[in-house]
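The block underneath contains the structure these notes are about, expressed in structure tokens.
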Amino acid sequence: MQSTDTPTGDRHDDTDKTSVDASVLSDFWRAMALLSRVPLPPVGDFRAALIARSVWCWPLVGLVLAGLALLPAMLVDFLTGNPLVYAIFAIAAMVLLSGAMHEDGIADCADGFGGGMDRDRKLEIMRDSTVGTYAVVMLILTLGLRLVLITAAADIGQAGILFLIMAVISRAAMPVVMRILPPARDNGLGKGAGRPGWLPVLIGFAIASAIVLVLGGIGAMFAVIVGVMIAILIVAMVARSQIGGQTGDVLGATQICAELFAGIGFIAVMA
């Protein structure tokens, strides 16, 4: 399994300078290039300061990716009318669009945290491409729970809405963990992505919350935010106790956990 914590090389070394291409649009394209496998024009500047600046629009990237992923899901739903098939196609398309980077992250965390005896060994396992038992079990459980949540939402006619909400709010959760935890390594994505200031983090969370409010209403918004905050707290506490900070894999785990807890909150209120 390819780790999201592979060394990032020299492109992140210069963190003190500000790019001349530091605009709202460049933030979005930089975020899209970082968080997806969608073919894009070359984005040459991935310095840590600019990645950290772009976190405000990560929820918008989630919205775009989820919208694209829903297209094949809606087609098979039209053909079959089966909510489980709909959920499978939506999740599969999302995994392809994101390059499975978040699934890779939570799987690596499961192997590292479960199999390592000390901090250094845990980090070593997380960077190893071998897939262990903990990773397999974690992927089965998290993918299965996503299927259950989307299928349950389909029973109340809210499957597409929940899918969009989970994609948006979970990508607002990752910058929070980036902000509250220091990088656990001196290299890798967790270090190379920088440590954002509170302003872009809060702007991103506000954008995500507003989208959730529009899509699901005020009750769903509060339930989803509570779920996401619980997920952030759990991931941050576990990561700090296990490896002393965050890595790219921890951020991937944050995204998956935030999706799941947001989905649980949504179903609890809307069902």
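Below, each value reflects all heavy atoms present in this structure, side chains not excepted, and no hydrogens, waters or symmetry copies. All values reported here derive from a predicted model rather than from experimental measurement.
- The closest donor-acceptor contact from the side chain of R119 to the backbone of A184 lies under 3.5 Å.
- Heavy atoms only, all atoms of each residue included: P196 and R179 are closest at O-CD, 2.9 Å.
- Between V235 and A253 the shortest heavy-atom distance is CG2-O, 4.4 Å.
- Considering V95, D108, I91 as possible partners of E103, the one that fulfils the side-chain contact (heavy atoms from CB on, under 4.5 Å) test is V95.
- Taking each heavy atom of P72 and L68 in turn, the nearest pair found is CD-O, 3.4 Å.
- With sequence neighbours left out, the side-chain hydrogen bond (donor to acceptor under 3.5 Å, both in side chains) criterion links Q242 to K122.
- Here the closest heavy-atom approach between residue D27 and residue C57 is recorded as O-SG, 3.5 Å.
- Under a hydrophobic clustering in which Ile, Leu, Val, Met, Phe, Trp and Tyr are joined whenever their side-chain heavy atoms come within less than 4.5 Å, directly or via other members, L143 and V148 fall into different clusters.
- Taking CG from L251 and CD from Q246, the interatomic distance works out to 5.0 Å, rounded to the nearest 0.5 Å.
- In terms of the side chain to side chain contact (heavy atoms under 4.5 Å, CB included) criterion, residue partners of L199 (sequence neighbours excluded) are, by chain and number, I203.
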- request: Dump the intermediate steps for side chain to side chain contact (heavy atoms under 4.5 Å, CB included) on L97 and S36, then the final yes or no.
  value: CA-CA 6 Å; L97 288 169; S36 81; 5.6 Å; no
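- Cluster membership for V55 and L34, using ILVMFWY side-chain heavy atoms within less than 4.5 angstrom, is shared.
- Using a 3.5 Å distance cut-off with no hydrogens or angles, the side chains of D128 and T130 do pair a donor with an acceptor.
- When all heavy atoms are compared, the tightest approach of R240 to P182 is NH2-CD, 4.2 Å.
- Of the inter-residue distances, the one linking D111 atom CG with I106 atom CD1 reads 11.5 Å to the nearest 0.5 angstrom.
- A single hydrophobic cluster is not seen to contain both M237 and F113; linkage of ILVMFWY side chains at heavy-atom distances under 4.5 Å, directly or through other members, places them apart.
- In terms of heavy atoms, G62 sits closest to V168 at C-CG2, 4.4 Å.
- Put simply, F163 and L84 are part of the same group of oily side chains (I, L, V, M, F, W, Y) that touch within less than 4.5 Å, one to the next.
- No side-chain heavy atom of D77 sits under 4.5 Å from any side-chain heavy atom of N82.
- Rounded to the nearest 0.5 angstrom, I169 CD1 and I165 CD1 are separated by 9.0 Å.
- With contacts defined as side-chain heavy-atom distances shorter than 4.5 Å, the pair F89/L70 does not qualify.
- Formation of a donor-acceptor pair under 3.5 Å by the R171 side chain with backbone atoms of A167 is found in this model.
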Please tabulate, one pair per line, all N/O donor-acceptor pairs under 3.5 Å involving side-chain atoms of residues 208-234, not counting sequence neighbours.
unit_1 : atom_1 : unit_2 : atom_2 : d
S209   : OG     : F205   : O      : 2.8

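- By the side-chain hydrogen bond (donor to acceptor under 3.5 Å, both in side chains) test, R37 pairs with no residue at all, sequence neighbours left out.
- The CG atom of L145 lies 13.5 Å from the CD1 atom of I140; values are rounded to the nearest 0.5 Å.
- Counting heavy atoms from C-beta outward, V61 and L65 have side chains that approach closer than 4.5 Å.
- A 6.0 Å sphere centred on CE of M32 holds more than 12 heavy atoms belonging to other residues, nucleotides or ligands.
- One finds the CD1 atom of I125 at 10.0 Å from the CE atom of M117 (value rounded to the nearest 0.5 Å).
- When hydrophobic clusters are built by joining Ile, Leu, Val, Met, Phe, Trp and Tyr residues whose side-chain heavy atoms come closer than 4.5 Å, directly or via intermediates, L71 is grouped together with I150.
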For residues 257-271, please give each side-chain donor-acceptor pair under 3.5 Å, one per line with the distance, not counting sequence neighbours.
unit_1 : atom_1 : unit_2 : atom_2 : d
E259   : OE1    : R146   : NH1    : 3.4
E259   : OE2    : Q255   : NE2    : 3.0

query: Does the pair L63 and W58 meet the rule for a side chain to side chain contact (heavy atoms under 4.5 Å, CB included), with working shown?
result: CA-CA 9 Å; L63 183 64; W58 286 12; over 6 Å; no
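- The distance from the CG atom of L60 to the CG atom of L35 is 11.5 Å, given to the nearest 0.5 Å.
- In this structure R121 satisfies the salt bridge (Lys or Arg N to Asp or Glu O under 4.0 Å) test together with E124, sequence neighbours excluded.
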- prompt: What do the steps show when you test I243 against M126 for side chain to side chain contact (heavy atoms under 4.5 Å, CB included), and what is the final call?
  reply: CA-CA 11 Å; I243 57 174; M126 289 166 69; 4.2 Å; yes
- prompt: Checking side chain to side chain contact (heavy atoms under 4.5 Å, CB included) for the pair V201/W56: CA distance, chi angles, key distance, verdict?
  reply: CA-CA 6 Å; V201 172; W56 68 268; over 6 Å; no
